[in-house]
Structure formats: C-alpha cells, structure tokens
Amino acid sequence: EPEVTQTPSHQVTQMGQEVILRCVPISNHLYFYWYRQILGQKVEFLVSFYNNEISEKSEIFDDQFSVERPDGSNFTLKIRSTKLEDSAMYFCASRTGDQPQHFGDGTRLSIL
Amino acid sequence: AQSVSQHNHHVILSEAASLELGCNYSYGGTVNLFWYVQYPGQHLQLLLKYFSGDPLVKGIKGFEAEFIKSKFSFNLRKPSVQWSDTAEYFCAVNALSGGYNKLIFGAGTRLAVHP
C-alpha cells in the first residue's frame, strides 16, 4: 500500500536556525496537510495545500512558517527562525477525493 | 469553533476486557468522523471512519464505532481487547465546509492492555 514518507525522522536544530521538513505524499493525491503534536498535547492542524497554494492555515502558521511543493513529488514545511516552542512532532498527510487523510510517520523536531 | 473531546486520557484494561472510548464533537453541520490509532513508534493509522449511512461502522481489528447525531458522539468500542491493542487512540472530525477537510483531533486516549 502506498505511504506518505517523511524525512528526516528526527531533526535537532539550534534556536534561530531555519529548518526544512520534507514529505513525499502519495503520488495521486491532490490535497496536502501539515499537523503538529507538541509532547503531551493533541494533534493540531497547521496548513492545507491544494492546487499549488495554501487553502487554509491555522493561527499557529504565522510568518515564520511556509510550505512549498517544489516539484511533482515533494511537499516541504519551512520554519524560518526556530523557537524553543516549535519543538514537536510534525506530521504530513495527503488525500484524494473524499478519502481520509493518510499520514506519514512524522518528523520529531527538537530545538535546542 | 469546532472541537473534539475525548474524556478518557488514560485507560488500563486486562486482556479480554471490553473497551469503550468516548468522543464528542461540537459542530452543528454535517461532519465526517474518524478514529485513528498510533501504535508505539508508528504513524497515525486510520481505524475506521463515518461519512454517511449506517451509524454503526466497523473498522479494522474488531473495532467499531457508533455515530449518535443527537449526542454529537462517536464512541469507539471493542468487545474484547488484546495486548496488541496497546496504543494511543485519536478521535477526529472534519466539518464539510470549505472543501479542504482539515481534521480536528481530540487529545487522544492512551490505552494500556495488560496480559
């Protein structure tokens, strides 16, 4: 069964540095999402992406965040200047049509 | 704003016990409802979903859930749990507006099944 893949599995970054989290959605999917889960808290929606543009974003997704689909396969989340509170598990998801979202394994981001 | 409440944060059961995990949501319109499971060290996996039709839905691994519209609930059940059901369970809802279908998750219920 096709899967959403995310790299790296664990990213350690100094506060203030830029970080890029990468996702390869399932190939025929059209809708893409990023969620995050701070340790001990619920999974939170960050952003959805469709037709090469952001379709919805949460209040968490401020100017420090951006998403891009640079080619036909990758979907990236960039945090420009990381803060301690950005430490979390970041999940990428994709879907097509009316089907449920498929999730990747997540990237654990640790900000030092 | 839409929200999802899972009332049990941590549940401990013995094998063969019955399971029911509560989930309530707040949204007055049409919704799709989901239960996802996250086994230790693994990604979120879809357990079952409700879109329309029969409010009693059956998922993988013997799980089922019942949508009760009047109670805004979508409780997850399993008649007899196994040790391998030890995982975290997330209820999620997406409101059918806007078309982009973001998921709103509950806080999760951590289930520990003892042999």
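These numbers come from a predicted model, not from an experiment. Just so it is clear, the values below take in all heavy atoms, side chains as well, and ignore hydrogens, waters and symmetry mates. In what follows, chains are A, B, ... by sequence order, proteins preceding strands, each numbered from 1.
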**Q.** side chain to side chain contact (heavy atoms under 4.5 Å, CB included) between A:F91 and B:Q38, worked out
**A.** CA-CA 12 Å; A:F91 293 100; B:Q38 189 174 26; 3.5 Å; yes
Q. For A:F45 and B:L103, what are the C-alpha separation, side-chain angles and deciding distance, and is it a side chain to side chain contact (heavy atoms under 4.5 Å, CB included)?
A. CA-CA 7 Å; A:F45 167 77; B:L103 290 177; over 6 Å; no
Q: Apply side chain to side chain contact (heavy atoms under 4.5 Å, CB included) to A:Y31 and B:K102, showing your working.
A: CA-CA 10 Å; A:Y31 301 85; B:K102 69 180 181 187; over 6 Å; no
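Remark: A:D63 CG is loosely packed, at most 12 non-hydrogen atoms of other residues, nucleotides or ligands lying under 6.0 Å away. Around atom CG of A:L84, more than 12 heavy atoms belonging to other residues, nucleotides or ligands sit under 6.0 Å away.
Note that CZ of A:F103 and CD of B:Q45 are 12.0 Å apart. Values are rounded to the nearest 0.5 Å. From A:Q37, atom CD reaches atom CD of B:E88 across 6.5 Å, with rounding to the nearest 0.5 Å. Separation of atoms OG (A:S48) and CG (B:N94) is listed at 11.0 Å; rounding is to 0.5 Å.
Within the structure, salt bridge (charged side-chain N to carboxylate O under 4.0 Å, His left out) pairs that include any residue of residues 74-85 of chain B comprise B:E64-B:R77, B:E66-B:R77, B:K78-B:D85 (at least two apart or interchain).
Hydrophobic clustering (ILVMFWY, side-chain heavy atoms < 4.5 Å, transitive): A:Y35 and A:V4 are in distinct clusters. A:M89 and A:V67 are assigned to two separate hydrophobic clusters, defined by single-linkage of ILVMFWY side chains at heavy-atom distances under 4.5 Å. In the hydrophobic clustering of this structure, B:L47 groups with B:Y25; members are Ile, Leu, Val, Met, Phe, Trp, Tyr whose side-chain heavy atoms approach within less than 4.5 Å, directly or through other members. In the hydrophobic clustering of this structure, B:Y50 groups with B:F72; members are Ile, Leu, Val, Met, Phe, Trp, Tyr whose side-chain heavy atoms approach within less than 4.5 Å, directly or through other members. Under the 4.5 Å side-chain heavy-atom criterion for grouping Ile, Leu, Val, Met, Phe, Trp and Tyr, A:F32 is not connected to A:I26 through any hydrophobic cluster.
Contacts from residues 104-112 of chain A to chain B, taken as heavy-atom pairs separated by less than 4.5 Å, involve A:G104, A:D105 in sequence order.
With a 4.5 angstrom heavy-atom cutoff, A:F49 does not touch chain B via any of its atoms.
Considering every non-hydrogen atom in both A:K42 and B:V4, the closest pair reads NZ-O, 3.8 Å. The minimum heavy-atom distance between A:V43 and B:F90, with the atom names listed, is CG2-CE2, 4.2 Å.
Highest contact tally toward chain A, considering only B:G108, B:A107, B:G106, is held by B:A107 [criterion: heavy-atom pairs under 4.5 Å].
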